[in-house]
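Just below is one structure, and these are the notes that go with it.
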There are 2 protein chains.
Amino acid sequence: MARNGSYVSEAVIRRMPKYYRYLEDLEKTGVERVSSKELSQRMGLTASKIRQDFNCFGGFGQQGYGYNVSDLKKEIMKILGLDRTYNVIIVGAGNIGQALANYTGFEKEGFFIKALFDINPKLIGMSIRDIMIYDLDSLEDFLAKNPIDIAVISTPKDKAQEVADRLTRNGIKSIWNFAAIDVAVPRGVIAENVHLSDSLYTLSYRIRESLE
Amino acid sequence: MARNGSYVSEAVIRRMPKYYRYLEDLEKTGVERVSSKELSQRMGLTASKIRQDFNCFGGFGQQGYGYNVSDLKKEIMKILGLDRTYNVIIVGAGNIGQALANYTGFEKEGFFIKALFDINPKLIGMSIRDIMIYDLDSLEDFLAKNPIDIAVISTPKDKAQEVADRLTRNGIKSIWNFAAIDVAVPRGVIAENVHLSDSLYTLSYRIRESLE
DNA sequence: ATAATTTTGTTAAAAGATTGTCATATCGAG
DNA sequence: CTCGATATGACAATCTTTTAACAAAATTAT
């Protein structure tokens with residue numbers, strides 16, 4: 001996908017979803033074209049950076065015109081892999097697991113939650129938006145019978161690595177982890193660790209800093 | 001807090017919560033001392049980077065010995081502003097708002113949720129872990145009577161900026177935003193934007209990349 | 001007590017990311 | 001159809017971040 005199969009830096013990749021967000025907004029408000037300068041003002045980035053970011057993946061713009069909003073959005077969707085669907089399971093049907101299952105927004109982008117798993121007998125057998133909560137014991141069985149692209153880990157911290165191991169042993173290649181550890185995965189498996197508390201502590205860092 | 005009031009880069013700041021996590025684990029497992037080399041192996045960073053990061057804030061280590069785990073942890077807690085407590089409110093008692101209110105982990109670090117706010121009549125009057133859900137109309141009144149340090153925004157996307165404006169107009173100086181926009185805040189106000197979907201799309205980017 | 005080892009804090013070098021500049025292409029007005 | 005304005009894509013320069021190297025200090029072993 002990168003221009004010539006060449007390396008695209010982490011910094012650029014992390015900005016792509018942000019571009020997607022802003023382009024979606026522009027498209028929704030009926031804007032047809034946008035220049036890097038205009039985008040830069042809205043997004044708080046430099047125009048140069050924006051042009052260079054897009055050029056990591058190919059020349060989507062036109063001199064004298066700028067970028068066509070919906071074309072560019074489509075290109076970025078392709079880059080981000082949002083031109084297909086994903087089957088997702090959630091392991092851990094506690095606070096975060098339930099919140100994610102209840103949220104319908106990810107479905108709109110092609111991420112379909114197929115099942116939840118937990119060890120709590122009170123939860124097993126229940127369902128959230130018609131998504132069943134299964135006994136964690138049946139995880140292996142479920143994975144053998146259903147093609148799952150992404151597994152979300154939303155268990156307590158101390159169970160997360162064990163769950164990650166079970167998932168990867170049973171063919172899971174991508175993990176979206178919400179537990180407060182960085183889960184270790186074998187080569188060939190992708191793990192994206194979300195650390196909400198890290199974000200909160202960055203905020204409290206800035207509060208302290210502002211009081212100096 | 002920075003060594004001599006000098007600037008500490010964003011990259012360093014973002015790593016501090018991660019150090020805190022690992023140091024907490026080490027402390028819990030009874031480890032007394034740790035070297036930058038050992039930490040680097042656990043955390044997947046270079047020892048050099050770790051030493052330089054800590055030195056942005058002062059020399060916490062000792063040659064030939066390394067770092068005392070609990071001392072270093074305490075220093076990082078100070079740096080992150082975790083040596084005090086914060087009063088928090090949550091605006092938007094939907095999926096994410098409720099999940100955050102139900103989660104008891106933040107309290108352990110000194111973040112106390114004092115109230116939730118929503119516009120949904122079915123939610124108003126209810127409570128989560130003894131935290132009341134109030135009518136959003138009473139937000140101004142509540143803020144006038146209670147000293148609040150941090151406001152969480154977990155409303156739908158299209159209400160987030162409006163809520164942010166109301167919050168800052170009424171004295172809120174720090175916002176932890178979960179809505180899928182970057183909320184704009186006046187100078188002097190701190191906003192930390194969490195974009196869960198950005199994280200998910202980064203994962204799908206990598207999935208696509210791995211299939212090339 | 002001494003020597004060898006460990007490990008920091010610091011400085012310098014290397015790598016990486018961002019910004020500024022400019023030639024060139026396209027657009028749009030007259 | 002021509003000219004001026006606009007805006008990209010590419011490259012060079014700058015700035016930032018990371019890595020490597022090393023002297024100095026403390027620890028540990030003998």
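A, B, ... follow the sequence lines: proteins, then strands. Residue 1 opens every chain. Side chains are part of it too, since the values below use all heavy atoms of this structure and drop only hydrogens, waters and symmetry mates.
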*Of E38(B) and S48(B), whose closest DNA chain C nucleotide lies nearer the 5' terminus?*
E38(B)

*asked:* I want to know whether F117(B) and F142(B) have ring centres closer than 6.0 Å.
replied: yes

*Mark yes or no for whether D118(A), through its side chain, and A93(A), through its backbone, hold a donor-acceptor pair below 3.5 Å.*
yes

Which atom pairs link the protein and nucleotides 28-30 of chain C when you take only N or O atoms and keep those under 3.5 Å?
unit_1, atom_1, unit_2, atom_2, d
dG28(C), OP1, R33(A), NH1, 3.1

_Ring-plane angle category for F57(A) and Y205(B), please: parallel below 30°, perpendicular beyond 60°, tilted otherwise._
perpendicular

*In whole angstrom, what separates K37(A)'s NZ from dT8(D)'s P?*
10 Å

_Can you measure I50(B) atom CD1 to dT10(C) atom P for me and round it to whole angstrom units?_
17 Å

*Tell me the side chain to side chain donor-acceptor pair (under 3.5 Å) pairs involving residues 167-192 of chain A, sequence neighbours left out?*
R14(A)-E192(A), W176(A)-S199(B), N177(A)-N193(A), D182(A)-H195(A), D182(A)-R21(B), D182(A)-Y22(B), E192(A)-S199(B)

*Heavy atoms under 4.0 Å, any strand shown: does F54(B) hit a base, just sugar-phosphate, or nothing?*
nothing

*Assess whether one donor atom and one acceptor atom, taken from the side chain of Q62(B) and the base of dA26(D), lie less than 3.5 Å apart.*
no

*Please confirm whether R33(A) makes a cation-pi placement over Y67(A), using NZ or CZ under 6.0 Å from the six-membered ring centre and within 45° of the ring normal.*
no

*Rounded to whole angstrom units, what separation is found between the CZ atom of R14(B) and the P atom of dT18(D)?*
14 Å

_Counting only side-chain nitrogens and oxygens, does N55(A) get under 4.0 Å of the OP1 or OP2 atom of dA10(D)?_
yes

_salt_bridge(E209(B), K78(A)) N-O dist < 4.0 Å_ = no

*At their closest point, which heavy atom of E32(B) faces which heavy atom of Y65(B), and how far apart are they?*
O-OH, 4.4 Å

*Separation of atom OH in Y67(B) from atom C1' in dT27(D), rounded to whole Å*: 16 Å

*In whole angstroms, how far is the P atom of dT8(D) from the CG atom of L72(A)?*
11 Å

*asked:* Tell me whether N68(B) contacts the main-chain N or O of D71(B) through its side chain, where contact means a donor paired with an acceptor under 3.5 Å.
replied: yes

*Should the pair R84(B) and Y86(B) be classed as cation-pi, given the thresholds of under 6.0 Å to the six-membered ring centre and 45° from the axis?*
yes

*asked:* Heavy-atom nearest nucleotide on DNA chain D for V34(A) versus G64(B): which residue maps closer to 5'?
replied: V34(A)

*Under-4.0 Å side-chain N/O to phosphate OP1/OP2 contact, S36(A) with dA7(D)*: no

*Can you tell me if the side-chain N/O atoms of R51(A) get under 4.0 Å from OP1 or OP2 in dG9(D)?*
no

*asked:* Between the base of dT7(C) and the side chain of Q63(B), is one N or O donor paired with an acceptor at under 3.5 angstrom?
replied: no

_Donor-acceptor under 3.5 Å (S154(B) side chain, F178(B) main chain)_ = no

*What is the distance from CZ of F57(A) to C1' of dG9(D), rounded to the nearest Å?*
16 Å

*Value in whole Å for how far the P atom of dG9(C) lies from CZ of F60(B)*: 9 Å

*Send over the distance from Q41(A) CD to dA7(D) P, rounded to a whole Å.*
10 Å

Using a cutoff of under 3.5 Å, can you pull out all pairs of nitrogen or oxygen atoms linking the protein to nucleotides 15-18 of chain C, with atom names and distances?
unit_1, atom_1, unit_2, atom_2, d
dT18(C), OP1, R15(A), NH1, 3.2
dT18(C), OP2, R15(A), NH2, 3.0

